[in-house]
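Note sheet for the following structure.
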There are 2 protein chains.
Amino acid sequence: MDNPLTRKLQTYVRLTGADTDRLADALGPARRIGARIDIVAEGDDPRAVNVVLDGWAGRYKQFADGRRQIVSLLLPGDTCDPNIFLLERMDHAIIALTPVTLAQISGRTMQDLRSRSETLEEAFHREMLAVAAIQREWTVSLGRRSALERLAHLLCELHLRQATIGLADGPSCPMPLTQPDLADALGQTSVHINRTLQDLRRAGLVALRSRRLTLLDPDRLWSLAQFDPTYLHHTRDHAGAGVRPREADPAAARPAVRL
Amino acid sequence: MDNPLTRKLQTYVRLTGADTDRLADALGPARRIGARIDIVAEGDDPRAVNVVLDGWAGRYKQFADGRRQIVSLLLPGDTCDPNIFLLERMDHAIIALTPVTLAQISGRTMQDLRSRSETLEEAFHREMLAVAAIQREWTVSLGRRSALERLAHLLCELHLRQATIGLADGPSCPMPLTQPDLADALGQTSVHINRTLQDLRRAGLVALRSRRLTLLDPDRLWSLAQFDPTYLHHTRDHAGAGVRPREADPAAARPAVRL
DNA sequence: CGTTCGCTTGATACCGCTCAAACTGCGTGG
DNA sequence: CCACGCAGTTTGAGCGGTATCAAGCGAACG
């Protein structure tokens, strides 16, 4: 059975037919959630592992005064932590950013899966490492990248993550986030996102309209963002057609693009 | 045997004597590293799990133009990911911020440890969840907190993390980071850190000198930082003397402190 | 058909950065 | 013992990137 979760895990390890079967069996019935609805609320007791089968979701924290930060994005094939059920209390909420299709795997089933298959165990571990690496990269973006680099980097990440699981069409892929969503993810205001996006468009680097992103000049965009895809730790090459992997040069030698 | 790693894991689960013995045996010989030296470089193949026994280290990424972001801090008892040895290539570097004492656990030994003890397995999983939660909180800080809130929040975190493993003396604890270090962790300049720190001092919230931090008014500091310690996911209460856990009120109801 | 949400643009304000320099404490070597 | 250097801290002046506030427009939607 083909689903985004198995496609994702296949990028880390080579799963056997038995593995993918077990995985497919483990997934509970699909659940449909409307856009802008909380999938999990802060303070909830997380009983099971949610897997995104379709649509985009986001983890976020919100302050009393309304400030909100999206701390990570969940794309098809992503899970809210494989171990989340160990916790008593969610320290953040998860919202459906588009209509989302979810499946659940109970904590018990999850533990079975991993104890029955070394390969699956390793796949989930690698997945957690990749998720941690993405989170670190966001930290770098928020801490040290300019508005332009920050937006460029996120667009590179989102394109590559989708290419990896077969959701990109060459240099183009879905990008359903609104500008307010991007603002909450990048720690800025939607007004500024709008202006930065126009800079990227004027520079001929990206096209973004009707919820679809196209990387018009992937090399220059990657360079501007200082995007180094190795942090995603995929062992098999899934970079979408139209985006060549960056040649292996000492990253330090390449000057940043200016607009 | 008593070491910071077992003290740390004890905050998540109750370890048996056999567990702590196995853990102590697993730790390789202590290695001493001078301040400002890279423990692990970007691009390295991580062969073993490093455990910090003493001193502070930091993960960081650096750009060609010199910009640097510290993405997380490793305090005594912290490990560079329990699963890091699965990866082929470090996507970031780790530097000793003070002189550091390290021990290593080989990947093989680590897997043994976890397969032999359910409790240890769970402890390491919970540890990874806590680390992920800290990383998310940093993302929130960098994205949405003001300079003042950001610094206050980090100081709260560092105090509590040390209190948890018995390194705090009431409201006071080691704080060996220099202002340039703080700047690289908080995504700011050392000049601005300096000024923000002065604001915190003038407000009577903290004292910080000769590498030692004292929370002079923990309640107001926590409130200013909107510090909610539950994200650290310790199941046993280790908040240091002098810092009362925040009463359970709907967080939304509490207005932020102003200076 | 009205309302809401997202996108866009303009004017202005301010937080945090840059550049520069002086000061402090401390280790080191003459 | 003093001179020196160095790293970290502190202060000042000016600038710039991003936020804020405000308004208009179009498209989706109930």
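Every chain is numbered from 1 and lettered A, B, ... according to where its sequence line falls, protein lines coming before strand lines. All figures in this text were calculated on a predicted structure; none of them were measured in a lab.
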Practice task
Output yes when B/Arg67 and A/Glu149 qualify as a salt bridge under the 4.0 Å nitrogen-oxygen rule, no when they do not.
Solution key: yes

Practice task
Measure from the side-chain N and O atoms of B/Asn194 to the backbone N and O of B/Val191, and report whether any donor-acceptor pair falls under 3.5 Å.
Solution key: no

Exercise for the section: For A/Thr139 and A/Gln135, indicate whether the former's side chain and the latter's backbone hold a donor-acceptor pair under 3.5 Å. Expected result: yes

Practice task
Measure from the side-chain N and O atoms of A/Arg144 to the backbone N and O of B/Gln188, and report whether any donor-acceptor pair falls under 3.5 Å.
Solution key: yes

Practice task
Tell me whether the OP1 or OP2 atom of C/dC7 has a side-chain N or O from A/Arg211 closer than 4.0 Å.
Solution key: yes

Exercise for the section: Search all heavy atoms of A/Leu75 against all heavy atoms of A/Gln162 and return the closest pair with its distance. Expected result: CD2-CG, 3.7 Å

Handout entry: Rounded distance (Å) that lies between atom P of C/dT9 and atom CG of A/Asn194
Key = 6 Å

Practice task
State whether a side-chain donor-acceptor pair under 3.5 Å links B/Tyr60 with B/Asp38.
Solution key: yes

Problem - Side chain to side chain, B/His159 and B/Cys156, heavy atoms closer than 4.5 Å - result: no

Problem - Expected output: side-chain B/Arg212 to main-chain B/Met175 donor-acceptor under 3.5 Å - result: no

Exercise for the section: Look only at the side chain of A/Thr164 and the backbone of A/Leu160, and say whether a donor-acceptor pair between them is shorter than 3.5 Å. Expected result: yes

Handout entry: Whole angstrom value for the distance that separates C1' of C/dG6 from CG of A/Leu182
Key = 12 Å

Fill in the blank from the handout: Readout for nucleotides 10-29 of chain C: B = base within 4.0 Å of protein heavy atom, S = sugar-phosphate only, - = neither; 5' to 3' it is BB----BSBB----------

Fill in the blank from the handout: Per-helix bend value, the helix from C/dC1-D/dG30 to C/dG30-D/dC1, C1' rotation axes over five pairs per end, 10° rounding, shows 40°

Fill in the blank from the handout: Its 5'-most and 3'-most nucleotides having an atom under 4.0 Å from a non-hydrogen atom of chain B, DNA chain D is contacted over D/dG8 to D/dA13

Handout entry: Student check: side-chain heavy atoms of A/Leu73 and A/Leu97 closer than 4.5 Å
Key = yes

Practice task
Report the residue (B/Gln198 or B/Asp181) whose heavy-atom-nearest nucleotide on DNA chain D is the more 5′ of the two.
Solution key: B/Asp181

